[in-house]
Structure formats: structure tokens, C-alpha cells
Amino acid sequence: MSTVRLTFQINRQAAELEVSPGALLVEVLRGPLGLLGTREGCSRGECGACTVLVDGLPVNSCLYPALEVEGRSVLTIEGLSEPGQKLSPVQEAFVERGGIQCGFCSPGMILSTHALLASNPAPSDHEIRAALVGNLCRCTGYVQIVESVQRAAELRARAREGVSHE
Amino acid sequence: MFNFAFHRPTSLEEAQRLKAEIPGARLIAGGTDVLVKLKKGVPCPSDLISVRNLRELKQISGGEVITIGASVTVSELLASPLVQQELPILLEACTRLACVQIRNVATLGGNLCNASPCADLAPPLLVLEANMRILGTAGERRVPLRSFMVAARENCLAPDELLVAVEVSRPRAGSCGVFLKQARVSMDLALASLAVMLEPDGDTRAWRIAAGSVAPTPIRLARTETLLSTAPDTSAALPTAQALADEEVRPISDVRASATYRRQLIRVFLGRAVAALQTGRSA
């Protein structure tokens, strides 16, 4: 089947490529774009390993037709830290608090956390767990992950304070 | 990777025309049901027509009749002040639907057109007596939701038709409702669900009750409603109402739950809902 031209923003950069009409977003990210940080787990929208942000909202890239990101902005784990930053505050918090074990769920978990904190900078435990219902982890038992999100909220608040005092 | 042609019409008219012209074409909105089915091996259609971004299908408007476009996502319903104020029972079902990633793309129209027995948004919309606005080659028609879902995973749309919007009359002042759902884990499909609304009707009160995952389609429990609406003492009538609800549901046993357990859930949910609506507590 003939390909279709797709133009969108990936990690703040313009991207233009030819894709098959039946391609899914996760396939385009991991294939031609070589962004292997996005994992494909269940492939049915249950595990959340393939979570990316489309216009800031978490979606399962295994259930997202690639052509539907035309004109939109996609953020993957590779684009999370700002230019000049080694890791984003959320990534730092996950490393510090042991929110990562095997690492397979981590990119999705971290992107979901990033989106949560953008809309709710100081979430309760309950709100954290509700926001991460669609991200399965088979290693940690979630306790360290919830602690990592709380820590990320602190780091983020501290970073904002630093900025406002400058 | 799938082997379909992917159409992205830019107007409602174009979408309807494509649907009418391409035999076997399927509509897709959020894709959380359509793509999962294809991945599970349902034969892939030659053409998918995306209605995800059609502006005409993304509106929510108020008044005596609240109109919600078919492509409004579950997250957009949750964020809508109109839905929050006027349709709390629908809001409750939205919070219980799957997870953030799914709610950000899954649409109201998709949930209803998919016509799953466990569609979370169907029971609240059944008790709200929603009407479906449908566009076909011959023009528009309206169908009550209760006759829209004709069998398990089957809706009444003709090949040239698509769902435009869902219409709900603004509930009367003093109405209240609850939505109850049991699932294995919180993001899972409902093992059973129950929506109950109590609306003041002159000197009396009208009960409306709908159940999910206990019949080939989500259903209204009409006999149970009549019994409760005409009973002089609701609490005294509850055991009879629960027995009647048990007669009205037709659950199956499957990988998620047994028919016996589903029946038990409906009895328990009805008891909790009636108690909550009578006292104004949350269920």
C-alpha cells in the first residue's frame, strides 16, 4: 500500500516522514525515528508501557494511528529533559527513590507522572495511584513509584521556587 | 501495522459521504475498541474513516436539552462544567472508565456505537433517556439509546449512517442518581454495573434503573422501576424489587465472572443505590 506524508513535532523538533496508512504511532517512534525508549508491552492498551504524550496528554501509542498525530506535538521519554538538563526532576526522583527496577514500565510511568504534575503539582497518594492506573509495573509493588512521584512533586516545586527567586 | 486505507475527512458531510460510498468501511474515533478488535484477529476492514477530530462532533452545548458530540472524549466529558453540574451520574461513570490513557482518546460515541454489554457510559445514559442523533444520506433521525443497541456489539446504524451526537433532557430539579460498578481491578471492564435515578414527578417520585454486563446489551429494568415508583414504602418494597431485578437480568458466565455472582452484584447494588438515594448519602 502506498505511503502517506506525515508532519508533526517530535520532542520539540519538526519531523516529516512517509508512513504506511496502517502504521501505529509506537511503530513509527521505534522504527523510522529510532526512539527505542517507548516500549511496547501488551499492545492492547492495558499496560501503559507505550505511553507517550500527545499535545501534553498521556495516550497509548500502541492504539494510536500514526497519521492521527498530523500537526500535533508528541513527547517521548527521550524529549523529557529540557535542553541543558541531564535528567528531568521526575526522572531524578525515580532514580533517587528506587521507582525503577527492570525499567520496562519506567518511560510510560515517568511520562504519566510528568502529565499528572503539570495539571496537579501536589497530588495526594490517591490521586497519584488514580493517575497511574493505566501503567502496570511487575517489579516494585508500586510503593517506591508512589514515593518517587511525591519526590518529583517536591523537586519540581523547588525548581519553580528557584526560578521565581532569580 | 495494519493494511487499511485511512481516511481523515475534514467535515461531517464528507465523513458521511465516505461512509456511504465505501462498502465495508468502518468508522474509528479514539480507536480503543476498533484497534483492539483488529489486534485480536477480527478481519481488518479495507478502509477506516476517522471522525476523531471533526469539529462538528466535538461540541457540548446546554439548554433544556444537553447535546454532546459523538467524538467528545471521556476526559473532555470529565472536564466539562456542564456535565459536572447537570449530569453527575454520567460524570461518575466517566471516572470509572478504564485509565487516563484510554479516557484521553476514547469517545462517548465510540463507547455507545461499540455496543458492548459492559459499555460504562450506557447505563447512566439509559436512565437519562438519551436520544441518539444519526446522520445518513436521507438526512437526520433520532433513536432512543434503548433501541440503538440491538444486540451484543451491534448497533442499529445503517451502512450510510453515523452517530452525530447524544441528546439528554436536563434532569428536573431535585433529581439525583448513582452509578455503581464492580470490576476485578479498577481499570478493568465491568463485571456488573447499575445506574439508578430518582426524579421528582409531581407528588410522586419516578425511579429509573439500568444495568450493564448482565444481558446482551445494557438494559433498563422496567418492572423493577414500576414497582419502586408505585410502592407506598420504598424500603419495605426493596426485597421484592431486588427479586424482580433478578428476574429481569440475563447474565452469562464468562472469563470475568459467573452469572450467579453478577446476579448477586445487581441485588447488592440496588440495595445500596436505593438506600443512598433515599437518604442522600453517597452509595
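What you see below is based on every heavy atom in this structure, not just the backbone, and it leaves out hydrogens, waters and symmetry mates. Every chain is numbered from 1, with letters handed out A, B, ... down the list of sequences.
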pair B:Phe2-A:Leu24: side-chain heavy atoms closer than 4.5 Å: yes
Side chain proximity check, B:Asn53 to A:Glu68, heavy atoms < 4.5 angstrom: yes
A:Glu27 side-chain N/O to B:Met1 backbone N/O, donor-acceptor pair under 3.5 Å: yes
Main-chain N/O of A:Cys62 paired to B:Lys39 side chain as donor or acceptor, under 3.5 Å: yes
B:Asp188 portion near chain A, given a 4.5 angstrom heavy-atom threshold: neither
Under 4.5 Å from a heavy atom of chain A, the part of B:Val100 involved: both
Ignoring hydrogens, what is the shortest heavy-atom contact between [X] and [Y]? Give both atom names and the distance.
X: B:Cys99; Y: A:Val133; answer: CB-CG1, 4.0 Å
X: A:Pro21; Y: B:Ala5; answer: CB-CA, 4.4 Å
X: B:Leu35; Y: A:Leu63; answer: CD1-O, 3.3 Å
X: B:Met187; Y: A:Gly134; answer: SD-CA, 3.9 Å

Best-contacting candidate, A:Ala115, A:Ser43, A:Ala66, A:Ser112, against chain B by heavy atom pairs under 4.5 angstrom: A:Ser43
Max heavy-atom pair count under 4.5 Å with chain B, selected residue of A:Pro65, A:Ala130, A:Gly45: A:Pro65
Flag if over 12 foreign heavy atoms under 6.0 Å of CZ, B:Arg55: no
CZ-OG distance between B:Phe4 and A:Ser20, expressed to the nearest 0.5 angstrom: 8.0 Å
Side-chain ion pair, A:Glu70 and B:Arg8, N-O less than 4.0 Å: no
Interface moiety of A:Leu67 toward chain B, non-hydrogen atoms closer than 4.5 Å: both
Which portion of A:Arg72 sits near chain B, non-hydrogen atoms under 4.5 angstrom: side chain
Side chain to side chain contact (heavy atoms under 4.5 Å, CB included) assessment of A:Tyr64 paired with B:Gln101: CA-CA 11 Å; A:Tyr64 209 96; B:Gln101 289 94 325; over 6 Å; no
Which of B:Asn104, B:Val36, B:Val185 touches chain A most, by non-hydrogen pairs under 4.5 Å: B:Asn104
